[in-house]
Amino acid sequence: MNSIHRHLASCAAEAARVTRGLTPEQLAGPSVCADWTVRELANHLVLYSAHGLEHRALRTELPAETIARDFTADADWSEQYTAQLDRALAAWGKPEAWEGEVDMGGSPVPAAEMAAMLLLELALHGWDLARSTGREFEVPEETGEYVREVVERYAEMYRQYDGFGEPAGEVAADATAFTRAVALSGRRP
């Protein structure tokens, strides 16, 4: 297994943990993402960090019914999310998933770079969901360092599309690499 897959697995485990036990009241509340409720954020996380992750590995399109689905309407949505993450990780566990390029809306991207960008979906929106519901999102320092590197690499591009805000400013000298990544993406750790 390559290191990106290891980092995907770490972030997937943490994102799955964060979704467990969320209540309908929490889902109805506001999130740290402007104009999104926690439900909308959770649905975005499930769609892109699990379904999108698998479909990119397989080089298939997300079905329209999957894109339109309210995943959180099912009582066992977090268990379904965990199972879908497992399928996505299994798809990226195959050597052929890392070969060639993946279409990103008409632009081909090397498979490893697509996986790195999808890692940001897991890590940063997982953090958003955790922060929105009074939880923590913690990853091993090695994973946090990789996330920070990917945020640095793509920060300007993401800012062009309003995916990131301006860096959040100074962080504590002893802050983790993941906290630095969060701040660099425009989030307030």
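Quick note: residue numbers are just sequence positions, from 1.
We find the CZ-CZ distance between Phe137 and Arg17 to be 8.5 Å, quoted to the nearest 0.5 Å. Atom CG of residue Leu41 and atom CZ of residue Arg131 lie 13.0 Å apart, to the nearest 0.5 angstrom. Going from atom CZ of Arg6 over to atom CG of Leu119 covers 12.0 Å, rounded to the nearest 0.5 Å. For the atom pair Leu22 CG and Ser132 OG, the distance stands at 10.0 Å (nearest 0.5 Å). Between Gln26 atom CD and Thr19 atom OG1 the span is 11.5 Å, to the nearest 0.5 Å. Interatomic distance, CG of Leu124 versus SG of Cys33, reported as 9.5 Å (0.5 Å rounding).
Between Tyr146 and His7, the ring planes are parallel. Angles under 30° get that label, and only those over 60° would be called perpendicular.
Put simply, the side chain of Arg148 never gets that close to the backbone of Thr143: no donor and acceptor are under 3.5 Å apart. Side chain of Arg159 to main chain of Gly165: a donor-acceptor pair is present (N/O by atom type, distance under 3.5 Å, no hydrogens or angles). Under a 3.5 Å cut-off, the side chain of Ser31 and the backbone N or O of Trp36 do form a donor-acceptor pair. A donor-acceptor pair is defined here as one N or O able to donate and one able to accept, closer than 3.5 Å; such a pair exists between the side chain of Arg59 and the backbone of Ala57. Proximity of a side-chain donor or acceptor of Glu121 to a complementary backbone N or O of Ser49 within less than 3.5 Å is not detected. Looking at Glu113, its side chain never comes within 3.5 Å of a backbone N or O of Pro110 through a donor-acceptor pair. Although no hydrogens or angles enter the test, the distance criterion places no donor-acceptor pair under 3.5 Å between the side chain of Thr179 and the main chain of Ala175. Side-chain atoms of His125 never come within 3.5 Å of backbone atoms of Leu45 as a donor-acceptor pair (strictly under, hydrogens ignored). Between the side chain of Trp92 and the backbone N or O of Leu53 there is at least one donor-acceptor pair closer than 3.5 Å. Side-chain atoms of Arg188 come within 3.5 Å of backbone atoms of Ala168 as a donor-acceptor pair (strictly under, hydrogens ignored).
Looking only at side-chain heavy atoms (C-beta outward), Leu89 and Glu54 stay at 4.5 Å or farther from each other. Side-chain contact check for Trp98 versus His5: some heavy-atom pair is nearer than 4.5 Å. With a 4.5 Å cut-off on side-chain heavy atoms, Met117 and Met157 count as touching. The side-chain heavy atoms of His55 and Leu62, taken from C-beta on, include a pair separated by under 4.5 Å.
Gln160 CD: more than 12 foreign heavy atoms inside a 6.0 Å radius. When the shell of 6.0 Å around CD of Glu61 is examined, it contains 12 or fewer heavy atoms from other residues, nucleotides or ligands. Within 6.0 Å of the CG atom in Asp76, the count of heavy atoms belonging to other residues, nucleotides or ligands exceeds 12.
Cluster membership check: Trp77 shares its hydrophobic cluster with Val38, using side-chain heavy-atom separations under 4.5 Å among Ile, Leu, Val, Met, Phe, Trp and Tyr. Taken together through direct or relayed side-chain contacts under 4.5 Å among Ile, Leu, Val, Met, Phe, Trp and Tyr, Val102 and Leu58 form parts of separate hydrophobic clusters. The hydrophobic cluster containing Val182 does not contain Val32, counting ILVMFWY residues as joined when their side-chain heavy atoms lie under 4.5 angstrom apart, directly or transitively. Hydrophobic clustering places Val150 together with Tyr158 (ILVMFWY residues linked when any side-chain heavy atoms are closer than 4.5 Å, directly or through intermediates).
Of all the heavy atoms in Pro108 and Glu101, the pair that sits closest is CB-OE1, 3.2 Å. Nearest heavy-atom pair across Arg180 and Ala172 is NH2-O, 3.3 Å. Closest approach of Ala111 to Ala97, counting heavy atoms only: CB-O, 3.3 Å. Of all non-hydrogen atoms in Val18 and Gly126, the two that sit nearest each other are CG1-O, 4.2 Å. Here the closest heavy-atom approach between residue Val147 and residue Cys11 is recorded as CG2-SG, 4.4 Å. Between Asn43 and Thr72, the shortest heavy-atom contact is OD1-N, 3.4 Å.
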Side chain to side chain contact (heavy atoms under 4.5 Å, CB included) for Arg87 and Gln84? Distances and angles first, verdict last. CA-CA 5 Å; Arg87 286 189 291 277; Gln84 181 60 42; 2.8 Å; yes
So Leu118 and Met114, side chain to side chain contact (heavy atoms under 4.5 Å, CB included) or not? Walk me through it. CA-CA 6 Å; Leu118 290 166; Met114 178 57 68; 3.9 Å; yes
Is there a side-chain hydrogen bond (donor to acceptor under 3.5 Å, both in side chains) between Ser78 and Arg20? Walk through the geometry before answering. CA-CA 6 Å; Ser78 69; Arg20 286 188 202 105; 5.8 Å; no
Steps toward side-chain hydrogen bond (donor to acceptor under 3.5 Å, both in side chains) verdict (Ser185, Arg187): CA-CA 6 Å; Ser185 75; Arg187 291 158 168 85; 2.9 Å; yes
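Annotation: Phe71 is in aromatic contact with His51 [ring centroid separation under 6.0 Å]. Taking the six-membered ring for Trp, Tyr154 and Phe164 have ring centres at least 6.0 Å apart.
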